[in-house]
Amino acid sequence: MKAKTTRILITGAHGQLGQALLANLPWLPEFSPSRLRMEIPEASLVSGSAVKPRSAIAPGSAIEIVALGHQQLDLTSADLPERLSEINADVIINCAAYNAVDAAEQDMAAAMALNAEAPERLAIWCRQQGAWLIHISSDYVFGNVFGNVFGNVFGNDLGSVFGNVSGNASANMLGNAPRALTESDVCEPLSLYGQSKLAGEQRLLKANPGALVLRTSWLYSRFGSNFVLTMGRLLTERPELKVVADQVGTPTWAEALARLIWQLLIWFHLKPEKSAVLSGCFHYAATGQCSWYLFTQEIAEQIAKQQCNSAPSSQAAVPLQTASPSQAALQSQATLHSPANPAPITPRCRITPVSTAEYGALLNRAQAPRPAYSALDSSALKDAMAAMPSAFRCYLPKDYPSPIWLSWQAQLALMLSGLGASSLG
């Protein structure tokens, strides 16, 4: 009898999510790919993601993964359909994207080619071949759905107010923020990047209604260049950081999103007939919301707390100690340090809230407009996944902890607990 094999293609494997997917393969006796074809440099992958032969997820079945970066699979090339047919995947996870938000304002053609035209071409191929497509989108498809989030607190003159606002006031502003955005809220992107991502969603789902679009927000991870790693470095280098306080969203750990996707893929693999597990557009982000300013305050507090916990009696600086997931989660449940009295990485670093306009003036260059509020409500996806059959849940053992539905603070703690001080410096 021929073994049942599910072949999964990961595009954009050099990026944060692509690497997070490969770093979070559930290496379990019940679930392990029989083959893993990674045509990307080993140096770009975390240690421990090498293939280890184990039994398949079920007798006579196996999973095969093909992870390709842009150099190996250009989604804008004319021969894309032929390349996809050569790979012949049952599932495509499209992590590839043009993510340079500001640059897209000057190069809309490149943004549209990768963010709109390529997803549509993937969707057409998947529909024709009966494959399932998972496509990653962005909270930047939204505009200012609720108008000025902080208007009731400060009026319209944010630029003159933020310099005099205490951290506590900035934190309390979130109490005036509206509900998180759902999939039914109107999309009116402010930037050309956001327009390209929305066009990609629309063209993909029109070409293939059985595809799944996952909108996420403010992704960060231990890979590549992202806000957490950048702030961790700058907090040790600069006497002051000025951070935008009038944009609110939800920071989301890429490895939590990766584990969510793996759960969906295991479910797909176990289905008697290979068909979409979920289709349409769903939101995924951590729970809660914050501004970039409060996010930076939390990064500083959590790193300082870990450094303090790991410091010897001599108080000399030492690398961060790796905490267990349970310890990190417990740490994250503590009340946030008062933003008015932050615990900085070094005594010389001060974190100051500024408005978007003030930050743009500091950069002295044009910036693409960003949504003032883009926190995402993931309840629809959570409810859909709660309906998974119990036969699926048996493949999620206790030693495979799930950070999927944690708060953004708890996800951040889990991410930082696995980093040494040298990784942030």
Side-chain angles (χ1 to χ4, degrees), residues 16 20 138-142 144-146 149-150 153 167-183 185 214-221 226-228 231-232 243-260 282-303 305-306 323 325-340 342-343 351 353 370-383 385-386 401-417:
Q16 281 196 84
S138 167
D139 59 321
Y140 277 33
V141 300
F142 290 106
N144 292 328
V145 177
F146 301 108
V149 175
F150 306 118
V153 180
N168 278 330
S170 182
N172 291 335
M173 286 190 300
L174 295 184
N176 296 279
R179 59 165 176 79
L181 299 170
T182 69
E183 294 82 354
D185 281 310
L214 291 176
R215 285 183 190 147
T216 191
S217 64
W218 296 20
L219 278 186
Y220 65 88
S221 70
N226 58 73
F227 189 82
V228 172
M231 290 298 105
V243 187
V244 171
D246 59 354
Q247 294 175 26
V248 172
T250 304
T252 303
W253 188 27
E255 296 190 50
L257 174 56
R259 293 197 174 201
L260 179 146
F282 287 87
H283 289 177
Y284 173 71
T287 61
Q289 53 190 271
C290 65
S291 66
W292 291 110
Y293 166 68
L294 292 179
F295 189 20
T296 305
Q297 292 280 9
E298 180 72 2
I299 293 167
E301 178 189 343
Q302 289 202 21
I303 296 175
K305 186 183 299 183
Q306 291 188 33
S326 59
Q327 290 172 330
L330 286 174
Q331 291 173 1
S332 70
Q333 299 305 315
T335 302
L336 291 179
H337 197 284
S338 169
I351 305 170
R370 269 82 166 165
Y373 184 83
S374 61
L376 300 179
D377 183 344
S378 304
S379 59
L381 179 61
K382 186 175 183 179
D383 290 345
M385 293 186 70
S402 176
I404 294 173
W405 307 115
L406 296 180
S407 69
W408 66 266
Q409 297 98 323
Q411 288 189 358
L412 177 65
L414 287 170
M415 183 267 198
L416 291 176
S417 68

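Not measured: the values here are computed from a predicted model. Heavy-atom basis, side chains included; hydrogens, waters and symmetry copies ignored.
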State whether the side chain of Q411 and the backbone N or O of W253 hold a donor-acceptor pair below 3.5 Å, judged by distance alone. yes
Okay, side chain of T216, backbone of Y284: is any donor-acceptor separation there less than 3.5 Å? yes
Under the side chain to side chain contact (heavy atoms under 4.5 Å, CB included) test, which residues partner A254, sequence neighbours left out? A20, L219, S221
Is the backbone N or O of L381 less than 3.5 Å from a side-chain atom of S378, with the two atoms forming a donor-acceptor pair by type? no
Side-chain contact, heavy-atom cut-off 4.5 Å: M385 with W405? yes
For W218, the ring pair (Phe, Tyr, Trp, His ring centres under 6.0 Å) test, sequence neighbours excluded, returns W292
Cationic N near anionic O, under 4.0 Å, K305 to E301: yes
Sequence-distant partners of S379, side chain to side chain contact (heavy atoms under 4.5 Å, CB included), two or more places apart: D377
Of all the heavy-atom pairs spanning H283 and L181, show the shortest one and how long it is. ND1-O, 3.0 Å
With heavy-atom distances below 4.5 Å as the criterion, would you say the side chains of E255 and P403 are in contact? no
Report the C-alpha distance between L376 and T250 in whole Å, list the side-chain angles of each, state the deciding distance to 0.1 Å, and finish with yes or no for side chain to side chain contact (heavy atoms under 4.5 Å, CB included). CA-CA 7 Å; L376 300 179; T250 304; 5.6 Å; no
Side-chain heavy-atom pair R179, D185 within 4.5 angstrom cut-off: yes
Identify, with sequence neighbours excluded, every residue that meets ring pair (Phe, Tyr, Trp, His ring centres under 6.0 Å) alongside F295. Y220, F227, W408
With sequence neighbours left out, write down each residue that passes side-chain hydrogen bond (donor to acceptor under 3.5 Å, both in side chains) with S374, or none if nothing qualifies. D139
Measuring from R215:CZ to T182:OG1, what's the distance to the nearest 0.5 Å? 9.0 Å
